[in-house]
Structures are given as C-alpha cells and as structure tokens.
Amino acid sequence: MLRLIFCLNLVWLLAGCDAADHAREKLVITGSSTIAPLIADIARRFESQHAEYQVDVQSGGSSRGIADVRRGVAHIGMVSRGPDSDEQDLQWYALARDGIGMIIHQQNTIAALNAAQIADIFTGRIMDWQTLGGPAQKITVVNKAEGRSTLEVFLKFFALKNSTIKPQVIIGENQQGIKTVAGNIGAIGYVSIGSAEVAIAEGTAIKLLPMNGVAASVDNVRNGSFPIARTLHLITGAKLTAAARIFLDFALSPAVHDLIEAQYFVPLQR
Amino acid sequence: MSRSSADLALRRLTLVCALSVACILGLITVFLTLASLPAFTDIGIVAFVRDLAWYPRENMFNLVPMIAGSLIVTAIALLMATPLGIAAAIFLSYYAQGFVGASFQRLVELLTGIPSVVFGFWGLVAIVPLLAAWHAPGASVLAAALVLALMILPTIILMSHTAITAVPESYRHAAAALSLDRFAMIFHIVLPAAFSGIITAVLLALGRAIGETMVVLMVAGNVVKLPSSVFDPVRTLTANIALEMAYARDDHRAALFFSGLLLLALVTLLVFIGERFSSVRPEHATAISPRSDQTHAHFP
C-alpha cells in the first residue's frame with residue numbers, strides 16, 4: 001500500500017514538473033562572466049514579474065556568448081566589449097558601462113600619471129616612485145589574473161601584452177586588489193571604478209588617479225569622457241523570440257538601474 | 001528482527017556507504033582525467049615543463065614554478081609549525097595542568113574550527129601590510145607560510161597530544177623506576193614511542209597545507225615565477241586553479257584540470273608515504289618496551 005502511494009506520488013510529481021516546464025517558456029542567456037552576475041540579478045527580478053518565463057543564465061566568456069547566439073543555443077548573449085568588424089551579423093544592445101581606474105595608496109604623493117608612465121611601471125622599466133617625483137619607495141605592481149576581463153581592458157588601453165608585465169602581486173577580485181593596495185604604500189593597481197569609489201567612501205586608504213586629465217569617477221564613465229572604459233552589451237541574432245524581446249526591454253529599462261549600480265557598473269541614460 | 005538479520009542489514013548498509021565513498025573518489029579521478037585529456041593530446045606533457053612561462057592565453061603552459069611554489073610554501077609552513085606544535089603538545093601533555101591546560105586545549109580546538117577564508121582575510125589585512133612595510137611587496141612566500149603554519153598548528157598539536165597520551169603508562173613507570181628526570185623521559189622515551197603518531201600528525205598537516213587555496217590566494221601574491229627569496233611572491237597550484245578556472249576555456253581549462261590531477265597524485269603519494277611511516281617505529285623505543293604487542297597502541 002505504502003509503495004503504491006509512493007509510486008502515485010512520483011507520477012504526480014513528474015507530471016507536475018512537466019506541466020510547470022510547459023507553462024514557463026525558457027530563455028537561455030550565456031556569455032561574459034563579467035556580466036553574468038548582473039544578468040542573473042536582473043533575471044531574478046524579471047521572473048518575479050513575469051511568472052510565465054524561466055531565465056537560465058550561464059557564464060563562459062564573451063566568445064561563448066557570441067558562438068552560442070550564432071548557433072542558436074542561446075537566445076541572448078552577454079559580451080563585455082564592443083562589436084568587432086566581423087560581428088555585424090548580430091544585434092548589439094548597450095547594457096551598461098564599466099570604467100577601470102588606476103589606484104594607488106592614499107599616502108602616495110603622486111597626483112597623476114600618464115599612459116606612458118603607467119606602461120613603464122607595469123613593464124618594470126620604472127621601479128621606484130622617486131623616478132616619477134614621488135616618495136623614495138619601491139613600486140609594487142598589482143596585476144589581475146589571466147582571463148579576467150578587467151585585465152583585457154587594461155592591456156588593450158595601454159597596448160601591453162600580459163607576458164611583458166612584471167607584477168609583484170596578482171589578484172582575482174576587485175576587493176582583493178583594493179585591500180592589497182590599501183595595505184602597501186608603494187602599490188599601484190587597477191580595479192572597477194565603481195568598486196574603488198565605494199571603498200574610498202568607506203574610508204579605505206586608496207586613491208583613484210585621473211587619466212588624460214579626466215578624473216576617474218562613475219560620472220565620467222557614464223558621460224563617456226573617462227578613457228579606460230568599455231560598454232557591456234547584450235546581443236541577439238537577427239530574429240528575436242517574443243520572450244527575448246520582453247526580457248531585453250526589461251534589462252535595458254531604468255527598472256534595473258539599481259541592480260547595475262549594485263554590481264559597480266554604470267547605467268546608461270536613455 | 002533477529003540479531004543476525006539486523007547484523008546483516010547493518011553490514012549491507014555500511015557496505016553501500018563504503019562503496020559509494022570509493023565510487024565518488026573513482027568518479028572524481030575519472031572526471032579529472034577526462035577533463036584534462038586535451039592537456040595530454042593538444043598541449044603535450046612536455047610543454048608543462050619546457051614552456052618559457054605560464055601565459056595560457058599566449059599558449060605557454062609551464063607548471064614548474066607553481067609545483068615548486070606549492071612545495072616551498074608547504075615546506076616552510078611545516079618547518080615553522082612542527083617544532084612549535086610538538087612543543088605545545090608536550091606542554092599540553094605534561095606541564096599544563098587543571099584550568100590552564102583545559103583552556104589551552106579548548107583554544108587550540110577552536111583554532112581548528114576557524115574557516116580558512118578568515119585566516120586568509122586576516123593575513124591580507126594584517127600580515128601582508130606588516131611585511132610590506134618591512135620588505136615590499138608583502139604578499140610573499142613568507143606571508144603564505146606564516147598564515148598556513150598558524151592554520152596547521154592545531155592539527156599538529158592535537159594529534160601529537162593524542163599520540164603522546166597513547167604511550168603506555170608502563171613506559172613512564174619504567175622511566176621513573178630508572179630514576180630518569182622528566183626531560184630524559186620525554187625526549188628519550190615518550191617522543192620516540194609516539195614517533196609514528198607524530199609523523200601521522202605532520203603528514204596530515206602537510207596534506208592540509210598543500211591543498212589550502214583561499215589563504216594562499218589572498219596572501220601569496222600569485223606571481224608565476226620561481227621565488228628567489230621568501231619575500232618574493234609565489235603562486236601555488238591550488239591558487240592557480242581558483243584564480244583562473246572561472247575564466248578558462250579549451251586548452252587553458254584542460255591545463256588547469258591537469259594541475260588538479262597533479263595535486264591529487266601528490267596527495268595520494270603523501271598518504272602512501274604516511275602509511276609506510278606510521279607502520280614503522282624506531283628501534284630504541286622498542287628496546288625499552290615491556291610488551292611488544294602494545295607498542296603501537298594509539299588508544300590505551
């Protein structure tokens with residue numbers, strides 16, 4: 001008897017799952033691991049407002065997002081850069097901007113560095129702050145781990161190859177970089193500007209350096225004047241499913257700006 | 001239910017549990033091997049020692065600095081923690097009495113329970129800046145070894161303490177009968193008799209140190225280069241996997257899985273050596289042994 005009830009339960013459960021799956025249309029989003037946590041947050045809010053959809057977010061890099069959308073495996077792709085010339089077959093939607101700022105210790109007297117100086121520091125040609133008119137202090141170069149998108153933006157902007165950089169510390173997350181620089185008076189690193197601004201507001205002993213005379217601030221990332229920045233994109237194929245259309249409208253609306261800011265990215269004004 | 005059928009049921013249940021543990025380990029090994037296959041076919045084993053450096057994005061896959069990094073950091077941590085741990089265990093076993101002894105033991109037990117990420121964070125905000133002020137960059141072999149030593153210390157203390165208390169009472173009586181003082185008794189009788197237990201403690205600590213990830217990731221500096229001094233940064237195999245796995249694709253990913261396989265092999269080797277050691281006991285302790293059958297009793 002017990003066994004019968006158990007079997008019936010199982011059948012009912014399976015049927016239940018099946019029915020729920022049919023009722024909820026599935027939307028697959030893959031790509032950049034920089035954007036994935038943000039889209040996962042947006043998807044959670046989207047699902048709570050649109051019970052008829054189920055959003056599946058997977059990271060794996062911008063290139064995976066592009067490949068998946070082209071092969072039709074994903075409805076929407078996440079790409080943490082702008083379109084290349086051979087990627088015009090896709091639809092690109094700007095989601096947010098991400099600015100990367102150079103950070104040094106608060107007590108370092110250096111007020112600004114130009115791009116050439118930063119390249120020289122990171123490649124080990126300048127090894128003491130004194131050379132740049134700062135204190136007599138050895139420079140500690142803090143670089144990001146291979147594969148991090150922040151590293152790619154940094155390398156691209158300063159036209160460097162990762163193998164030419166001579167780091168003393170390699171970090172993973174922005175927070176680790178901020179703590180490392182705050183704990184070493186001779187350190188220089190780079191992190192997401194949003195995360196650095198929050199840390200400075202909390203009293204962490206770091207400061208953001210301007211680039212080409214433009215202050216490293218979230219405002220300047222938003223208005224496009226800060227040079228070390230990139231636009232995070234969502235992409236789709238030429239044809240859109242209804243679900244993808246509704247999700248895109250939601251993800252690109254001001255209703256998610258608080259979520260974008262919570263990830264230290266900068267929402268775009270529309 | 002009769003006694004024998006209960007016994008049979010228990011036997012089956014425990015057999016299933018034991019088999020599933022074995023299966024899980026087997027599956028992990030199979031998975032690691034399969035995932036690292038491209039490392040053998042595309043990259044080739046030779047590349048892991050012959051390539052100029054570790055820049056997977058630029059097709060360079062030298063793992064040697066990281067294997068060395070894991071071993072160096074672990075060795076220094078053990079060198080720091082072992083004498084300290086054994087000394088603390090002797091203190092706990094023979095000198096700490098009453099309230100002091102009990103509170104010290106609780107304290108050490110508490111230390112084993114602290115999550116490694118807490119140690120890592122403490123190292124990052126306390127140890128590294130301290131070292132940085134002395135000898136930049138601070139994040140270094142020394143920082144990692146210091147924090148790791150602190151982490152493995154409780155394991156060594158508690159297990160050595162257990163090994164020391166397991167030395168039969170009769171040994172101590174014999175020592176007293178020969179009017180040996182406490183120093184001679186501890187160093188010439190108790191420690192040799194507890195030798196295998198202490199070695200097991202050290203090997204267990206070694207296993208924990210070599211597998212530790214978060215602590216090392218946060219304080220070691222993670223630069224892939226053979227360190228030339230203890231103040232140089234270093235990257236271990238575990239830190240490398242944690243740093244890069246989330247962003248790795250294709251060959252890079254396979255190389256990371258291969259380093260996981262390498263770690264598994266390293267730990268297996270250590271367990272094997274540990275087994276050999278704990279079944280061997282030095283000669284001179286046997287000479288004093290009154291009854292040969294109880295010389296290796298861990299629990300009296």
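Numbered from 1 within each chain, the chains take letters A, B, ... in sequence-line order.
B:P233 has its side chain out of reach of A:V169: every pair of non-hydrogen atoms, C-beta onward, lies at least 4.5 Å apart. Side chains of A:I170 and B:R235 form a contact here, defined as non-hydrogen atoms less than 4.5 Å apart. In this structure the side chain of B:K225 never reaches within 4.5 angstrom of the side chain of A:K166, judged on heavy atoms. Residues B:N222 and A:Q176 are in side-chain contact: their nearest non-hydrogen atoms beyond the backbone lie under 4.5 Å apart.
For the atom pair CZ of B:F121 and NZ of A:K179, the computed distance is 4.5 Å after rounding to the nearest 0.5 Å. Distance CD1/A:I165 to OH/B:Y55: 8.0 Å, rounded to 0.5 Å. Expressed to the nearest 0.5 Å, how far CD of A:E146 lies from CD of B:E58 amounts to 6.5 Å.
The backbone N or O of B:P137 sits less than 3.5 Å from a side-chain atom of A:N184, completing a donor-acceptor pair.
For a residue to count as touching a neighbouring chain, one of its non-hydrogen atoms must lie under 4.5 Å from one of that chain's; by this rule B:V125 touches chain A with the side chain only. Neither the backbone nor the side chain of A:Q175 comes within contact range of chain B; no heavy atoms are under 4.5 Å apart. Proximity to chain B is absent for every atom of A:I139, based on heavy atoms less than 4.5 angstrom apart.
With a 6.0 Å radius and a threshold of 12 heavy atoms from other residues, nucleotides or ligands, A:R97 has its CZ atom above the threshold. Around atom CD1 of B:I45, more than 12 heavy atoms belonging to other residues, nucleotides or ligands sit under 6.0 Å away. The local environment of CE in A:M127 is sparse, with at most 12 non-hydrogen atoms from other residues, nucleotides or ligands closer than 6.0 Å. Counting heavy atoms of neighbouring residues, nucleotides and ligands inside a 6.0 Å radius, atom CZ of A:R125 exceeds 12 of them.
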query = Please walk me through it: do B:V128 and A:T180 pass side chain to side chain contact (heavy atoms under 4.5 Å, CB included)?
reply = CA-CA 8 Å; B:V128 172; A:T180 302; 5.7 Å; no
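No other option in B:A53, B:A132, B:P56 has as many heavy-atom pairs under 4.5 Å with chain A as B:P56. The most heavy-atom pairs under 4.5 Å with chain B, out of A:K138, A:E173, A:Q137, A:K161, come from A:K161.
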